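The structure appears right after this line, and notes come after that.
All ligand and atom numbering here is 1-based and tracks the order in the structure. Treat the numbers as computed from the prediction; the structure is a model and nothing was measured.
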Amino acid sequence: MAIEDFDVVVAGGGPAGSTLAALTAMRGHKVLVLEKERFPRYQIGESLLPSTVHGVCRLLGLTEELAEAGFTVKRGGTFRWGATPEPWTFSFSVSPHISGPTSFAYQVERSRFDELLLNNARRKGAEVREECAVTEVIEGEEGRAAGVRYTTADGAEHEVRAQFVVDASGNRSRLHSKVGGERKYSDFFRSLALFGYFEGGKRLAAPNSGNILSVAFDSGWFWYIPLSPTLTSVGAVVRRELAEKIQGDREKAMTALIAECPLISEYLADATRVTSGPYGELRIRKDYSYHQTSFWRPGMILIGDAACFVDPVFSSGVHLATYSGLLAARSINSVLSGDLDEKAALTEFEARYRREYGVFYEFLVSFYEMHRDEESYFWQAKKVTRNNHTELESFVDLVGGVSSGEQALTSSTSGRLRSRSAEFAAAVEEVAASDDGNMVPMFKSTVVKQVMAEGGQVQMRAMLGQDAEPEVPLFPGGLVASPDGMSWQPYRPA
Ligand code: FAD
């Protein structure tokens, strides 16, 4: 059989892969997506952030289709977390980065959302082949990846060549190691999640009825995500030592965990667990945080969960997946058009992606540090003070020197994390204590500002295009997005 040639071959048609495929196909490149499953397929990760909806999805031309899909509108997150006994709310509309009509996201059934993105990649010109599992990266000359081998449902083996091989095959990727380096796990975040679906659960009062509700309890924390007026995704994140307990009888384990958490028990008091169809199973996933020490080598790029993952408490997974798809697409578009060399374009991709991952990593460490529970093993293990400083510090340093400017001001990474967390906790207490729910103090805290900043920038560029304020590089000597947001260009100060 003749070997086919493409500009780009993508392993995996999840949010990362389909974003990259669409954005490179829109520039006229010949793109192939190989997806192991047939869509729609189940996936966890249902709570989105605004930058995915109003930034990347707008660039993808999906704004109207998303609005018509009828997904639950998410105005923010409501948390029973930290020192205050009453739940407090983080609302996107107060963020200075994304205020206005785009200050919301969606709660999505991933089977529908992912299919919409993959079909869009097709419409934009990418060829998509489902039930095709990539098995191997083909090596070219001088250490360059040159294509992939894949197997179709009938067991037949195929080979395609491409200038760029993109691994977007998720957390269980079998290709990621081919980029070089290693996958490093963070000890701090090693937990397990047990999750299922319920019909008839209670809703938060309007206007927060579409919010994600996150509730800390002794053994960990719960997510409670309203996917429709009646369907709710409910998951418990617990310490990994409970693995045996939750794997034995999942139903019993779920019932016992719910009983441990009064607020979730109250919300599920009149609900019944879905026991048939794609939502009928109680599933378990490790939610260990990790990152590959390299995100690219000549001819090969990692995006989405294949590259890195950070704890799910702030719904960053799909944001990092689609954001990395956008960054890598800009780099590929710039190289294939002959405007930039590969090293310059992919160094920008990796620096930005690593930085965004690092921003969320630090935010989440602060978020856990803020919760006060002196007795519980789960919460003790999530304290910066109780952790192996060397491990945590070297991980934070590895993920990318998030705030190198400020780093010099504090004696150590853990010192910085603790002071950030204290600042954030104080802001949350101020918000919780205010009569009118004024959230401004929260958006003034360093970690929150950082975590919203780059997403806000992507959103701005997608909405305003040529009219957006000129960007400045994120790193000295770095590149900036082109006015249409689809490639990189050198920075030219006005
Ligand atoms: P995936 O969505 O995993 O897609 C990868 C695709 O590659 C799949 O379709 C797979 O079939 C395909 N594939 C795999 N191997 C091959 C192969 N060899 N060849 C071809 N195709 C292949 N994120 C959020 O944003 N919000 C949340 O609320 C949230 N909650 C989470 C809760 C838990 C417990 C966990 C563990 C994660 C959560 N996430 C959440 C994270 C989210 O699930 C992921 O970050 C997101 O799905 C990553 O997208 P992706 O495109 O990189 O990978």
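Between V318 and ligand 1, at least one N/O pair is under 3.5 Å apart. Of the polar atoms of N171, none of the N or O atoms is found under 3.5 Å from an N or O of ligand 1, judged by distance alone. Residue Q43 has at least one N or O atom closer than 3.5 Å to an N or O atom of ligand 1. Note: an N/O pair closer than 3.5 Å links P15 and ligand 1 by distance alone. In terms of polar-atom proximity, R41 is counted as a contact of ligand 1, with an N or O under 3.5 Å from an N or O of the ligand. For ligand 1, the polar-atom distance check finds an N/O of A16 within less than 3.5 Å of one of the ligand's N/O atoms. Residue-to-ligand polar distances keep R285 apart from ligand 1: every N/O pair is separated by 3.5 Å or more.
Contacts of E260 classified as salt bridge (charged side-chain N to carboxylate O under 4.0 Å, His left out), with partners at least two apart in sequence or in another chain: none.
Nearest to atom 49 (O) of ligand 1 among the protein's heavy atoms is A321 CB, 3.6 Å. Residue, atom and distance of the protein heavy atom nearest to atom 18 (N) of ligand 1 are V134 O, 3.0 Å. What sits closest to atom 10 (C) of ligand 1 on the protein, heavy atoms only, is E35 OE2, 3.5 Å. Scanning the protein for heavy atoms near atom 14 (C) of ligand 1, the closest one is S169 O, 3.2 Å. Considering only non-hydrogen protein atoms, atom 7 (O) of ligand 1 sits nearest to G12 CA, 3.3 Å. The protein heavy-atom contact nearest to atom 20 (C) of ligand 1 is L34 O, 3.2 Å. Protein heavy atom closest to atom 30 (N) of ligand 1, with residue, atom name and distance, is G45 CA, 3.4 Å. When only non-hydrogen protein atoms are considered, atom 21 (N) of ligand 1 lies nearest to K36 N, 3.1 Å.
Counting only non-hydrogen atoms, the option in D305, I44, I284, L20 that gets closest to atom 35 (C) of ligand 1 is I44.
Among Y290, F189, F309, the single residue meeting the ring pair (Phe, Tyr, Trp, His ring centres under 6.0 Å) criterion with Y361 is F189.
Comment: R110 does not engage E46 in a salt bridge, judged by the lack of any side-chain N to carboxylate O separation of less than 4.0 angstrom.
Relative orientation of the F349 and F295 rings is tilted, given thresholds of 30° and 60° on the angle between their planes. Under the 30°/60° scheme for interplanar angles, the aromatic rings of F314 and F367 are found to be tilted. In this structure, F195 and Y42 have parallel ring planes: the angle between them is below the 30° cut-off, well short of the 60° mark.
Taking the ring centre of Y106 as origin, the terminal cationic atom of K74 falls outside the region bounded by 6.0 Å and 45° from the ring axis. Remark: R144 qualifies as a cation-pi partner of F164 under the 6.0 Å distance and 45° angle criteria applied to the six-membered ring.
Side chains of R123 and N120: a donor on one and an acceptor on the other come within 3.5 Å.
Ligand 1 has C132 within reach: a non-hydrogen atom of the residue lies less than 4.0 Å from it.
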Steps toward ring pair (Phe, Tyr, Trp, His ring centres under 6.0 Å) verdict (F92, F104) | CA-CA 6 Å; F92 299 128; F104 68 89; 9.1 Å; no

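Every pair tested for side-chain hydrogen bond (donor to acceptor under 3.5 Å, both in side chains) that includes a residue from residues 14-24 fails, sequence neighbours excluded, so the list is empty.
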